[in-house]
Amino acid sequence: MNPSTLTVLYLSLAAGTERPYLIEDPTPEALAAGAVFDPWVHLTHLLTQQGRDPDWLARFTGLPPAAVHRITEAARQSQPALSHQPC
């Protein structure tokens, strides 16, 4: 398994070097493949799925705005469409 087949995003965070970051729960296989688990990246992904604003997320997490916007886009693309079916 390599980072290209995992749920990862290549992000440039504090160090300025682009690295593969897991956006979902880490697995031993994913970590062994060289993907990095950062709790702030993971939290940003979760809060985006709950409807949080990217600008607020950047301030809250301290992640670079460009990285937050990439995480936000990935989270929105991975969300299933909501259906409004009667119960």
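Note: hydrogens, waters and symmetry copies are ignored here, and every other heavy atom, side chains too, is used.
Among residues two or more places apart in sequence or in another chain, the side chain to side chain donor-acceptor pair (under 3.5 Å) test is passed with His42 by Asp25.
Within the structure, the salt bridge (charged side-chain N to carboxylate O under 4.0 Å, His left out) test picks out the following pairs touching residues 9-24 (sequence neighbours left out): Glu18-Arg70.
Closest approach of Pro64 to Ser12, counting heavy atoms only: CG-O, 3.8 Å. What you find for Val68 and Pro54 is that their closest heavy atoms are CG1-O, 3.3 Å.
Looking at heavy atoms from C-beta onward, Trp40 lies out of side-chain contact with Tyr21 at the 4.5 angstrom threshold. Using a 4.5 Å cut-off on side-chain heavy atoms (C-beta onward), Val36 and Leu22 make no contact. Contact annotation: the side chain of Leu63 approaches that of Thr44 to within less than 4.5 Å [non-hydrogen atoms, C-beta and beyond]. Side chains of Ile23 and Val41 form a contact here, defined as non-hydrogen atoms less than 4.5 Å apart. Put simply, the side chain of Thr48 reaches to within 4.5 Å of the side chain of Leu57, judged on heavy atoms. Annotation: side chain of Pro65 is not in contact with side chain of Asp55 (no heavy-atom distance under 4.5 Å).
In this structure, Thr72 OG1 and Asp53 CG are separated by 8.5 Å, a value rounded to the nearest 0.5 Å. Atoms OH and OG1, from Tyr10 and Thr17 in turn, are 13.5 Å apart once rounded to the nearest 0.5 Å.
Both Leu13 and Leu43 are members of a single hydrophobic cluster when ILVMFWY side chains are connected at heavy-atom separations under 4.5 Å.
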